[in-house]
Amino acid sequence: MYRHHALWAIITALSIPASASVVPRQAPACDAPPASYAAVTEPGLPDPWKFVSGKAVATAEDFACRQAEMSRIMQQFELGDLPPPPDSLTATLSGTSMSLVIKVGSNSKTISVSITKPSSPGTSGGPAMIGVGGANIPVPSGMGRINFGNDACAAQQNPNSHGSGWFFDLHGKSHSAGATLAWAWCVGRIIDGLEQLGAAKTGIDPKRLGVTGCSRNGKGAFMVGAFEKRIALTIPQESGSGGAASWRVSDSEYAKGKNIQRAAQIVRENAWFSPRFVTYVNKTDTIPEDHHFLAALVAPRGLFVIENDIDWLGPVSTTVAMKAGRMIYEALGVKANMGFSLVGGHSHCSFPSASSADLTSYINRFLGGSATATNDVEKSKATVVIDDWIKSWSAAPKGINLAA
Ligand code: MCU
């Protein structure tokens, strides 16, 4: 991505005279970020519509800058740093196996990724679903499939797994990234490979990629969609705490006696988050972000969040955070691009067939190229009072329409 921007800057600098009236489409000019963000005291979900500087988000360009800020804040407090793309990447394809040679500084890794081509790709390639550790949703037959072996990228055995996997072989064992953010970087390399090889070889259109995963891998699927902008449709399934749930709401539910996963537990269970997060897990009201920001980072791209009515996942918590996410999508003029479906009565990670039509409407719209509108999905078995959690929000901006 950065390399492309740099190249674009050089091409435009060489070919367009300073007086040219045609201004190339460029990343918005955002205010320079501070070296780091301060902790806060915020019992509710932090306001997506106000920069840390206090400035209001008023335009589409402002929102893009606020997204960059939200991304930096999430990295600083809980995820660790997302590295830039590698110094070099060379992809080759042999049958169904894509091989990537990736170099970062003096480190080099060769990675093998298994690919199933779409059955009728056409000249520009067909859509494909990336499964983080596999897929637990019904992926339409004929769609391309990419199996992302996330554990090999960044291990998830226990908290001491931090530092194991090819992400850390490339970036160093003490890199700050938690496993879920590392997975986002590794998926980015798979997409680099698909772009480099091209649809004629892979049969896959890199502009029509979905990502999914369930439970711990659902947390990962959400991070991949939030931090890898080339993903067109993100489908986190039963990601619960650390995914679709809010840290603050989960703590509040825990205080009411629920058997719910929360930040203080999650860092003792596994290496999904950055070692940096440990400082904040017993005071989640001090972090200037929460997981409704993940939805804000995916916006305006397609997002279909699947949850379950299991206490440990936090049905109230996921409903509050994703309701807030839907409010963000709505204010951006793209309400139909995000659905939330919490349907209980089935075992963990088994997809309820009653939700098939809703899921299919998102897959058809964002991966299948269908012009038909998505189903307007906001289903939950949990009763929540969203106003209790968004008291500090500024009025949503008027007039932003990212649908265009
Ligand atoms: C919902 O995802 C996790 C959960 O965070 C863990 O606490 C539990 O141990 O495992 C869940 C999972 O990945 O189940 C397959």
Side-chain angles (χ1 to χ4, degrees), residues 74 78-80 130-137 147-162 164-165 178-184 211-226 234-254 258-275 277-278 280-282 284 290-292 294-295 304-322 325 340-352 355 380-382:
M74 294 197 83
E78 61 170 88
L79 300 175
I130 301 171
V132 178
N136 288 69
I137 53 166
N147 184 24
F148 170 50
N150 53 325
D151 291 23
C153 158
Q156 52 169 341
Q157 297 289 323
N158 55 53
N160 300 326
S161 306
H162 183 263
S164 301
T180 54
L181 191 77
W183 299 338
V211 66
T212 191
C214 191
S215 207
R216 57 195 62 203
N217 298 334
K219 307 182 207 307
F222 216 152
M223 296 304 168
V224 172
T234 303
I235 311 175
Q237 182 183 16
E238 301 191 31
S239 59
S241 221
S246 146
W247 297 123
R248 286 168 173 82
V249 183
S250 295
D251 279 344
S252 144
E253 290 293 292
Y254 180 80
K258 294 275 168 56
N259 176 32
I260 183 173
Q261 184 165 38
R262 70 210 152 103
Q265 184 278 340
I266 215 164
V267 295
R268 292 198 304 269
E269 180 178 341
N270 219 308
W272 296 312
F273 292 89
S274 173
F277 192 34
V278 172
Y280 302 101
V281 292
N282 289 307
T284 56
D290 210 324
H291 279 214
H292 58 310
L294 287 179
F304 187 73
V305 178
I306 302 164
E307 278 296 331
N308 198 348
D309 191 19
I310 294 172
D311 283 354
W312 187 247
L313 302 176
V316 167
S317 186
T318 56
T319 303
V320 168
M322 294 299 107
F340 178 66
S341 178
L342 190 161
V343 175
H346 55 87
S347 55
H348 186 42
C349 292
S350 80
F351 183 81
S355 301
S380 179
K381 299 193 88 180

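Both ligands and their constituent atoms are indexed starting at 1 by order of listing. Quick caveat, the model's predicted, so the values are computed rather than measured.
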Using a 3.5 Å cut-off on N/O to N/O, what pairs does ligand 1 make with the protein? A line per pair would be great.
from: ligand 1; atom 1: 2 (O); to: Ser215; atom 2: OG; distance (Å): 2.7
from: ligand 1; atom 1: 2 (O); to: Arg216; atom 2: N; distance (Å): 3.3
from: ligand 1; atom 1: 2 (O); to: Lys219; atom 2: NZ; distance (Å): 3.3
from: ligand 1; atom 1: 5 (O); to: Lys219; atom 2: NZ; distance (Å): 2.7
from: ligand 1; atom 1: 5 (O); to: Gln261; atom 2: OE1; distance (Å): 2.5
from: ligand 1; atom 1: 5 (O); to: Gln261; atom 2: NE2; distance (Å): 3.4
from: ligand 1; atom 1: 7 (O); to: Gln261; atom 2: OE1; distance (Å): 3.3
from: ligand 1; atom 1: 7 (O); to: Gln261; atom 2: NE2; distance (Å): 2.9
from: ligand 1; atom 1: 7 (O); to: Glu269; atom 2: OE1; distance (Å): 2.7
from: ligand 1; atom 1: 7 (O); to: Glu269; atom 2: OE2; distance (Å): 3.2
from: ligand 1; atom 1: 7 (O); to: Trp312; atom 2: NE1; distance (Å): 2.8
from: ligand 1; atom 1: 9 (O); to: Arg216; atom 2: NH2; distance (Å): 3.3
from: ligand 1; atom 1: 9 (O); to: Glu269; atom 2: OE2; distance (Å): 2.5
from: ligand 1; atom 1: 10 (O); to: Arg216; atom 2: NH2; distance (Å): 2.9
from: ligand 1; atom 1: 13 (O); to: Ser215; atom 2: OG; distance (Å): 2.7
from: ligand 1; atom 1: 13 (O); to: Arg216; atom 2: N; distance (Å): 3.0
from: ligand 1; atom 1: 13 (O); to: Arg216; atom 2: NE; distance (Å): 2.6
from: ligand 1; atom 1: 14 (O); to: Ser215; atom 2: OG; distance (Å): 2.7
from: ligand 1; atom 1: 14 (O); to: His348; atom 2: NE2; distance (Å): 3.4

**Q.** Step-by-step side-chain hydrogen bond (donor to acceptor under 3.5 Å, both in side chains) determination, His348 to Ser215
**A.** CA-CA 8 Å; His348 186 42; Ser215 207; 2.6 Å; yes
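- Under the rule for a side chain to side chain donor-acceptor pair (under 3.5 Å), the partners of Asp151 that lie at least two apart in sequence or sit in another chain are Gln156.
- Look at Arg248 and Asp290 and you find a salt bridge, because one of the NZ, NE, NH1 or NH2 atoms lies within 4.0 Å of a carboxylate O, short of that distance.
- Take Glu238 and apply the salt bridge (Lys or Arg N to Asp or Glu O under 4.0 Å) test, not counting sequence neighbours, and it matches no residue.
- Between Gly225 and Val211, the closest heavy-atom pair is N-CG1, 4.2 Å.
- Qualifying ring pair (Phe, Tyr, Trp, His ring centres under 6.0 Å) partners for Trp247, counting only residues two or more places apart in sequence or in other chains: Phe273, Phe277, His291.
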